[in-house]
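Before any comments, here is the structure.
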Amino acid sequence: MYEFVPLPLVDDFLLDYHVGHAVLLLFVLSILGAIPLGSRKVLSLNAIVFGVLFLLVVSMGAPPQYAYLGVALLVVAPLLFTTARK
């Protein structure tokens, strides 16, 4: 009755990735989307939010490297926010 079900193909592809990879991809896409705005405050607020997300992702089973990235973002992003002009 069902001729072609692509779910096993998608499942086999996604088995190699976890939530940390998805959040990292969203972070890169959001940075690329915020660059044309030209506002360092928007970039820094984006980095602060993703810094917290990276810290939370580690509690969901992602490797600890994402926690290091989250801490680095939470240190650098407020500095970027305070030095922004507008």
Side-chain angles (χ1 to χ4, degrees):
M1 181 163 198
Y2 297 108
E3 293 178 15
F4 179 69
V5 181
L7 290 179
L9 297 174
V10 173
D11 190 36
D12 290 340
F13 176 74
L14 292 177
L15 281 176
D16 297 332
Y17 301 104
H18 50 75
V19 177
H21 289 112
V23 173
L24 185 63
L25 178 67
L26 286 176
F27 176 62
V28 169
L29 290 176
S30 67
I31 292 294
L32 290 175
I35 286 175
L37 295 176
S39 173
R40 288 195 327 189
K41 284 192 177 188
V42 171
L43 285 173
S44 64
L45 289 173
N46 187 18
I48 290 171
V49 168
F50 275 97
V52 171
L53 276 175
F54 282 124
L55 288 177
L56 292 175
V57 163
V58 173
S59 67
M60 289 188 257
Q65 291 86 356
Y66 292 103
Y68 301 142
L69 178 60
V71 169
L73 286 174
L74 288 175
V75 168
V76 172
L79 295 172
L80 182 65
F81 187 81
T82 57
T83 60
R85 291 189 182 151
K86 51 178 172 172

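Bear in mind the structure is a predicted one, so any value in this text is a computation, not a measurement. The first residue in the sequence is number 1, and the count goes up from there.
Cluster annotation: Leu45 is not connected to Leu26 through the hydrophobic network of ILVMFWY side chains, with a link wherever side-chain heavy atoms come within less than 4.5 Å.
Residues in residues 66-80 take part in no side-chain hydrogen bond (donor to acceptor under 3.5 Å, both in side chains) pair, two or more places apart or across chains.
Other members of the cluster containing Leu29 are Leu25, with ILVMFWY side chains joined at under 4.5 Å, either directly or via other members.
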N/O donor-acceptor pairs under 3.5 Å from side chains in residues 46-59, not counting sequence neighbours:
residue: Asn46; atom: OD1; partner: Ser30; partner atom: OG; Å: 3.4
residue: Asn46; atom: ND2; partner: Ser30; partner atom: OG; Å: 2.9
residue: Ser59; atom: OG; partner: Leu56; partner atom: O; Å: 2.5

Side-chain donor-acceptor contacts of residues 71-84 below 3.5 Å, not counting sequence neighbours, with atom names and distances?
residue: Thr82; atom: OG1; partner: Pro78; partner atom: O; Å: 3.3
residue: Thr82; atom: OG1; partner: Leu79; partner atom: O; Å: 3.0
residue: Thr83; atom: OG1; partner: Arg40; partner atom: NH2; Å: 3.3
residue: Thr83; atom: OG1; partner: Leu79; partner atom: O; Å: 3.1
residue: Thr83; atom: OG1; partner: Leu80; partner atom: O; Å: 3.2

